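Here is how names work: the chains are called A, B, and so on, in the same order as the sequence lines, proteins then strands, and each is numbered from 1. Please read all numbers here as calculations on a predicted model, not as lab measurements.
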Protein chains: 2
Amino acid sequence: MTKNLEFTEKLRSSGLRPTKQRLKICEVLFNREKTFHFTINDLAKNISEKLKEKISLATVYNTVHAFKKKGYLKEISINSDKSYFDTNITNHHHFFDEDTNQLIDCDDNHLDNVKIKKNITGKKINSIEVLIKVASDNQNQN
Amino acid sequence: MTKNLEFTEKLRSSGLRPTKQRLKICEVLFNREKTFHFTINDLAKNISEKLKEKISLATVYNTVHAFKKKGYLKEISINSDKSYFDTNITNHHHFFDEDTNQLIDCDDNHLDNVKIKKNITGKKINSIEVLIKVASDNQNQN
DNA sequence: AACTACATTATAATTATTCTAAACTATTGA
DNA sequence: TCAATAGTTTAGAATAATTATAATGTAGTT
Ligand SMILES: [Mn+2]
Ligand SMILES: [Mn+2]
Ligand SMILES: [Zn+2]
Ligand SMILES: [Zn+2]
């Protein structure tokens with residue numbers, strides 16, 4: 001059940017020391033069936049539910065940024081007071097539910113292909129993200 | 001040269017009183033050739049450069065939000081410490097230059113069409129935004 | 001002119017995030 | 001084995017964008 005050795009290897013191979021805080025965060029992030037879309041606050045809550053001793057919020061921030069830099073997490077572009085991260089690091093796009101503030105992965109069959117035809121001079125493309133904002137389809141919209 | 005009467009009418013027709021602050025902000029935002037992509041700070045700086053008496057920062061925030069609600073401005077989804085707004089309210093997409101933190105409109109010929117094939121159950125689509133992050137194409141990338 | 005609803009303003013509050021610097025720990029190699 | 005060292009964790013302070021507050025001002029109306 002515990003994939004600690006895997007996580008230890010993963011961390012070590014990317015030059016990160018496998019501390020007990022990082023291993024715990026790996027478990028919370030990567031030991032799940034489905035993609036996890038989260039804010040730092042979501043993650044911290046998730047950790048504290050599953051853990052007796054707490055992890056400092058600064059460490060959660062440090063770790064998420066370290067994992068992002070190593071390519072284990074993606075940050076999703078969305079205008080919000082909070083940053084959103086994603087354990088699905090493949091190229092994919094999102095629905096954002098403005099009622100619940102939840103990100104949902106687009107399947108390939110949700111979208112036609114998005115292809116760039118032209119470049120911007122002297123610039124390289126780092127990412128292409130499609131964000132589809134959705135909300136409940138009620139009559140009484142304000 | 002001064003389109004104040006136009007702006008006065010525009011404001012009045014949408015139920016906003018044409019105060020001198022709002023008219024000045026209209027001039028700065030809408031009296032230009034090209035699309036203006038800006039943060040609140042950009043706008044405030046722009047105002048203070050062109051104006052003897054200053055407009056309170058709270059008023060700048062209030063006005064931008066009022067204009068957004070009326071559909072005169074769009075807010076662009078981008079993960080940043082600051083919010084970005086756009087005087088181009090048509091459906092269009094953006095490059096974001098991560099070197100300069102500037103938004104640039106995509107022409108139609110920059111992108112293939114982006115079409116949704118499927119909906120999310122019970123939700124209506126509010127917007128579809130494509131964001132292409134670009135940066136300088138140097139060898140010495142960190 | 002007086003009334004009222006709306007708008008502006010300075011300032012305080014909020015809050016996500018980053019910074020700081022001291023204490024702690026994993027790793028290494030003598 | 002164990003000290004040296006570089007990397008890590010932590011509490012708390014600092015930062016900064018944004019929002020809230022509440023007093024003052026003003027546009028539109030009668
Ligand atoms: Mn913000
Ligand atoms: Mn932020
Ligand atoms: Zn995703
Ligand atoms: Zn634009």
Side-chain angles (χ1 to χ4, degrees), chain A residues 4-5 7-28 37-48 51-70 72-73 75-85 101, chain B residues 4-5 7-28 37-48 51-70 72-73 75-85 101:
Chain A
N4 266 7
L5 290 186
F7 294 140
T8 298
E9 203 35 54
K10 180 177 185 162
L11 290 169
R12 247 198 272 271
S13 74
S14 53
L16 296 172
R17 290 183 182 172
T19 65
K20 65 177 194 296
Q21 290 88 348
R22 281 173 180 162
L23 287 170
K24 197 61 184 178
I25 291 173
C26 278
E27 273 184 49
V28 172
H37 296 105
F38 63 95
T39 64
I40 294 287
N41 195 53
D42 295 333
L43 176 55
K45 198 178 300 174
N46 230 292
I47 291 167
S48 70
L51 202 55
K52 40 217 150 295
E53 71 264 64
K54 75 185 263 293
I55 297 179
S56 158
L57 189 59
T59 299
V60 179
Y61 273 99
N62 290 342
T63 303
V64 165
H65 286 139
F67 286 5
K68 181 192 167 193
K69 184 175 279 186
K70 294 301 181 184
Y72 302 143
L73 290 173
E75 188 164 8
I76 305 304
S77 264
I78 191 176
N79 181 262
S80 167
D81 49 337
K82 299 181 243 302
S83 289
Y84 281 75
F85 297 88
N101 285 1
Chain B
N4 267 7
L5 290 186
F7 294 140
T8 297
E9 203 35 55
K10 179 177 187 163
L11 289 170
R12 248 198 271 270
S13 73
S14 52
L16 296 173
R17 290 184 182 169
T19 64
K20 67 177 192 296
Q21 290 87 346
R22 282 172 178 164
L23 287 170
K24 197 60 185 180
I25 291 172
C26 279
E27 272 184 50
V28 172
H37 297 105
F38 63 96
T39 64
I40 295 287
N41 194 54
D42 294 333
L43 176 55
K45 195 178 302 174
N46 230 294
I47 291 168
S48 71
L51 201 56
K52 41 214 149 299
E53 71 263 63
K54 76 185 260 294
I55 297 180
S56 158
L57 189 58
T59 299
V60 179
Y61 273 98
N62 290 343
T63 302
V64 165
H65 287 138
F67 286 5
K68 181 192 166 188
K69 183 176 279 185
K70 294 301 181 184
Y72 302 143
L73 291 174
E75 188 166 7
I76 305 304
S77 264
I78 191 175
N79 179 264
S80 165
D81 49 336
K82 300 181 244 300
S83 288
Y84 281 77
F85 297 89
N101 286 0

**Study point:** Below 4.0 Å: OP1/OP2 of C:dA16 and any side-chain N or O of A:T39
**Key:** no
Check your understanding: Should A:S56 be listed as having a side-chain N or O under 4.0 Å from OP1 or OP2 of D:dA11?
Key -> yes
Study note, to complete from the structure: The side chain to side chain contact (heavy atoms under 4.5 Å, CB included) partner of B:L16 among B:S13, B:S14, B:P18 is B:S14
Review point. Do B:Y72 and B:V64 pass the side chain to side chain contact (heavy atoms under 4.5 Å, CB included) test, and can you show the C-alpha distance, the side-chain angles, and the key distance before you say yes or no?
Key: CA-CA 9 Å; B:Y72 302 143; B:V64 165; over 6 Å; no
Review point. How many angstroms lie between atom CD1 of A:I55 and atom OG1 of A:T19, to the nearest 0.5 angstrom?
Key: 8.0 Å
Review point. Given C:dT9, is OP1 or OP2 found less than 4.0 Å from the side-chain N or O atoms of B:T59?
Key: yes
Check your understanding: Is the closest side-chain heavy-atom distance between B:F85 and B:L43 below 4.5 Å?
Key -> no
Review point. Considering only heavy atoms from C-beta outward, does the side chain of A:T63 approach that of A:Q21 to under 4.5 Å?
Key: no
Exercise for review: Check the distance between D:dA27's C1' and B:L23's CG and give it to me in whole angstrom.
Suggested key: 12 Å
Check your understanding: Among D:dA11, C:dT8, D:dA27, which is the nearest nucleotide to the side chain of A:K54?
Key -> D:dA11
Exercise for review: Please state how far atom NZ in B:K70 lies from atom P in C:dC6, giving the value in whole angstrom units.
Suggested key: 11 Å
**Study point:** A:F38 side, atom CZ; A:K82 side, atom NZ - distance, nearest 0.5 Å
**Key:** 14.5 Å
Review point. Between atom CG in B:L43 and atom P in D:dT18, what is the gap in whole Å?
Key: 12 Å
Check your understanding: C:dT17 P sits how many Å from A:N41 CG, rounded?
Key -> 9 Å
**Study point:** Test item: B:I76 and A:N79 side chains (from C-beta on) under 4.5 Å apart, heavy atoms
**Key:** no
Revision key, fill the gap. Out of C:dA16, D:dT9, D:dA17, minimum distance to the side chain of B:K82 belongs to D:dA17
Check your understanding: Can you find a pair of side-chain heavy atoms, one from B:N4 and one from B:E27, that are under 4.5 Å apart?
Key -> yes
Review point. Which nucleotide, D:dT18, C:dA16, D:dT10, lies nearest any side-chain atom of A:D81?
Key: C:dA16
Practice item. Round to a whole Å and report the spacing from CG of B:N62 to P of D:dA17. Key: 17 Å
Below 3.5 Å between N/O atoms, which protein atoms pair up with nucleotides 18-20 of chain C? Just atom names and distances, please.
none

**Study point:** Short side-chain N/O contact to C:dA16 OP1/OP2 from A:S83, under 4.0 Å
**Key:** no
Practice item. Provide, to the nearest angstrom, the distance between the CD1 atom belonging to B:I25 and the C1' atom belonging to C:dT9. Key: 13 Å
Review point. Are OP1 or OP2 of D:dT26 and a side-chain N or O of B:Q21 less than 4.0 angstrom apart?
Key: no
Review point. D:dT10 P sits how many Å from A:R22 CZ, rounded?
Key: 11 Å
Point to revise | Residue whose nearest DNA chain D nucleotide is more 5′ - B:E75 or B:K20 | key: B:E75
Point to revise | Euclidean distance, atom NZ of residue B:K24 to atom C1' of C:dT8 [Å, nearest integer] | key: 17 Å
**Study point:** Interatomic distance, A:I78 atom CD1 to B:S80 atom OG [nearest 0.5 angstrom]
**Key:** 13.5 Å
Check your understanding: Are a donor atom and an acceptor atom from the side chains of B:T39 and B:D42 found within less than 3.5 Å of each other?
Key -> yes
Where do N or O atoms of nucleotides 1-5 of chain D meet protein N or O atoms at under 3.5 Å, pair by pair?
none

Point to revise | Contact under 4.0 Å: B:R12 side-chain N or O vs D:dG28 OP1/OP2 | key: yes
